[in-house]
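What follows is a set of notes on a single structure, which appears directly below.
Start at 1 and go down the list; that is how both ligands and their atoms are numbered.
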Amino acid sequence: MKKKSLVSINDFSKEEFVRILDLASEFEKEPTREILKDYVIATLFFEPSTRTRLSFETAISRLGGKIVGFSDSSSTSTSKGETLKDSIRIVSNYSDLIVMRHPLEGAARLASEYASVPIVNAGDGANQHPTQTLLDMYSIRKTQGRLDNLNIFLVGDLKYGRTVHSLLMAMAEFNTTFYFIAPEELKMPNEYKGYLDKKGLKYIECKDFNAYLPEADIIYMTRVQQERFTDPIEYERVKNVYILQRSMLNGCRENMKVLHPLPRVNEIALDVDDAPQAYYFQQALNGVYTRQAIITHILGIK
Ligand code: CP
C-alpha cells in the first residue's frame, strides 16, 4: 500500500502532530543516525528556497540517506515542456519519497495523485507549508512548554502567507486565540476565519497591535512577499507597514517569543536579533529535527 503523503497540514491528526514533535525531540538529542541508508529521497524545488531545501537535505544526510533533485527547474525538462504529472511519475521510479516546492497552489495535491511514493509539500504557492508548521509547533512547544491555550499573533502578509494558513489550521486543534495584524490588502482570507468560526475559536483582527502586545505568547512575523503581487504599486504601499522594533518588546510577557519562518526583509529590526525574545534562528535549526521526524514517520522507520 502507498504510504501517506503530507500535502495539507490536515493530512495529519492531532495525535500525529504530537507524535512527530516527540520524535523531533529525540532527533534533537541525537540527529546523526544511519537509519535512512537504504533510501533515496528526491528534493524538487520549482521555487527558490534556502531553509526548507537545505534543512531537508541536512536532515536526510545526517540520517545516511541519498538525495537526488534540483533547486532550479530551468535546468530540468520542465523547461522543454514536460508536465508536472510526467515529471512526478518519473521521479517516483527513482526515489522513496519526494519533497516538492512549487509556485502553484494545488501542485502538491496533484503530484500526490500521480506519485507512487509519498509527496511532502514544501510549500505550494499561497496555499500551505505543512512542514514549516510542524517546526513552528515544535518551536512553540519548546519555548512555551505547551501547545494549548496560547495567544498567537500573526503579523504581516496573512493573505498570501502559506505558513500562517497551515499554522492556523494546526494550532486550531489546541484552543489557540489568534490575533490577526495585517493591512487591509493582506487580511486573513475569510475561508480561514470561517475555519476558526466552525471550531468556535476566538480571533481578534486589528491594524495597530501595540495595545495588545502584553497579551502575546508568540508573535509570528511574516514577510510581505513581493513575488505574490501582480501590482508593484500595491506591494510598495504595504511592504513596510509592520516593522517590529526592539522597544515594542518592553512590557511583553516574560516568556514571549518572536518567530518568523524567514527570510526576513524589513519586518524585524536588526537589533531585535539580540533580544531574549528572538527565536527565529533557533526556529530554523529546529527544522532539521522536525523534518527528520516527518520523513521517518511517513516512511514508517522506527
Ligand atoms: N521558511 C521557508 O520556507 O524558507 P525558505 O523559503 O528559505 O525555504
Side-chain angles (χ1 to χ4, degrees), residues 6-9 20-21 24 41-61 67 69-74 97-105 107-108 111 119-140 142-143 152-171 186 218-229 235 239 242 244 257-268 272-273 278-295:
L6 173 57
V7 171
S8 160
I9 195 68
I20 286 168
L21 302 194
I41 296 180
T43 57
L44 312 185
F45 278 71
F46 293 87
E47 198 182 54
S49 167
T50 298
R51 274 146 296 274
T52 308
R53 187 174 68 82
L54 295 181
S55 65
F56 261 115
E57 295 189 356
T58 302
I60 297 160
S61 301
I67 298 157
F70 54 82
S71 56
D72 177 3
S73 65
S74 67
L97 180 146
I98 297 172
V99 177
M100 187 182 90
R101 171 171 289 187
H102 200 284
L104 294 181
E105 293 171 33
I119 295 284
V120 175
N121 181 4
D124 61 329
N127 187 32
Q128 287 258 329
H129 196 347
T131 68
Q132 177 71 45
T133 293
L134 285 158
L135 81 88
D136 293 342
M137 293 169 81
Y138 185 75
S139 302
I140 292 169
K142 199 170 158 66
T143 58
I152 299 187
F153 286 46
L154 303 177
V155 186
D157 179 357
L158 308 188
K159 180 178 177 186
Y160 300 114
R162 58 194 175 200
T163 62
V164 292
H165 299 159
S166 303
L167 186 61
L168 176 150
M169 292 167 89
M171 288 305 295
L186 297 176
I218 294 288
I219 300 177
Y220 193 94
M221 298 297 296
T222 63
R223 175 177 67 98
V224 175
Q225 302 171 89
Q226 186 171 12
E227 65 273 27
R228 309 275 177 236
F229 283 78
Y235 170 70
K239 69 177 185 185
Y242 294 108
L244 187 71
K257 293 291 175 230
V258 179
L259 303 187
H260 191 314
L262 304 177
R264 154 190 47 191
V265 185
N266 288 328
E267 60 280 1
I268 300 180
V272 175
D273 294 358
Y279 194 74
Y280 29 93
F281 295 119
Q282 178 66 39
Q283 179 189 359
L285 172 59
N286 292 341
V288 173
Y289 317 128
T290 311
R291 287 172 171 132
Q292 288 181 319
I294 292 167
I295 290 169

For atom 6 (O) of ligand 1, the protein heavy atom that lies nearest, with its residue and separation:
Arg101 NH1, 2.9 Å

Could you list which atoms of ligand 1 come closer than 4.0 Å to a heavy atom of Gln132?
1 (N), 2 (C)

Contact check: Arg53 vs ligand 1, nitrogen or oxygen atoms, below 3.5 angstrom
no

Nearest atoms (heavy-atom pairs only) where Asp157 meets Arg223
CB-O, 3.5 Å

side-chain contact (heavy atoms from CB on, under 4.5 Å) between Asn286 and Tyr279: does it pass, once the steps are laid out?
CA-CA 10 Å; Asn286 292 341; Tyr279 194 74; 3.3 Å; yes

What is the ring orientation for Tyr280 with His260, classed by angle as parallel under 30°, tilted 30 to 60°, or perpendicular over 60°?
perpendicular

Numbering as shown, the atoms of ligand 1 that approach Thr50 to under 4.0 Å (heavy-atom distance)
5 (P), 7 (O), 8 (O)

Side chains of Thr43 and Arg53, donor plus acceptor under 3.5 Å
no

Does a donor on one side chain sit under 3.5 Å from an acceptor on the other, for Arg101 and His129?
yes

Regarding ligand 1, does Leu262 bring an N or O atom to under 3.5 Å of one of the ligand's N or O atoms?
yes

Min N/O separation Pro261 to ligand 1 under 3.5 Å:
yes

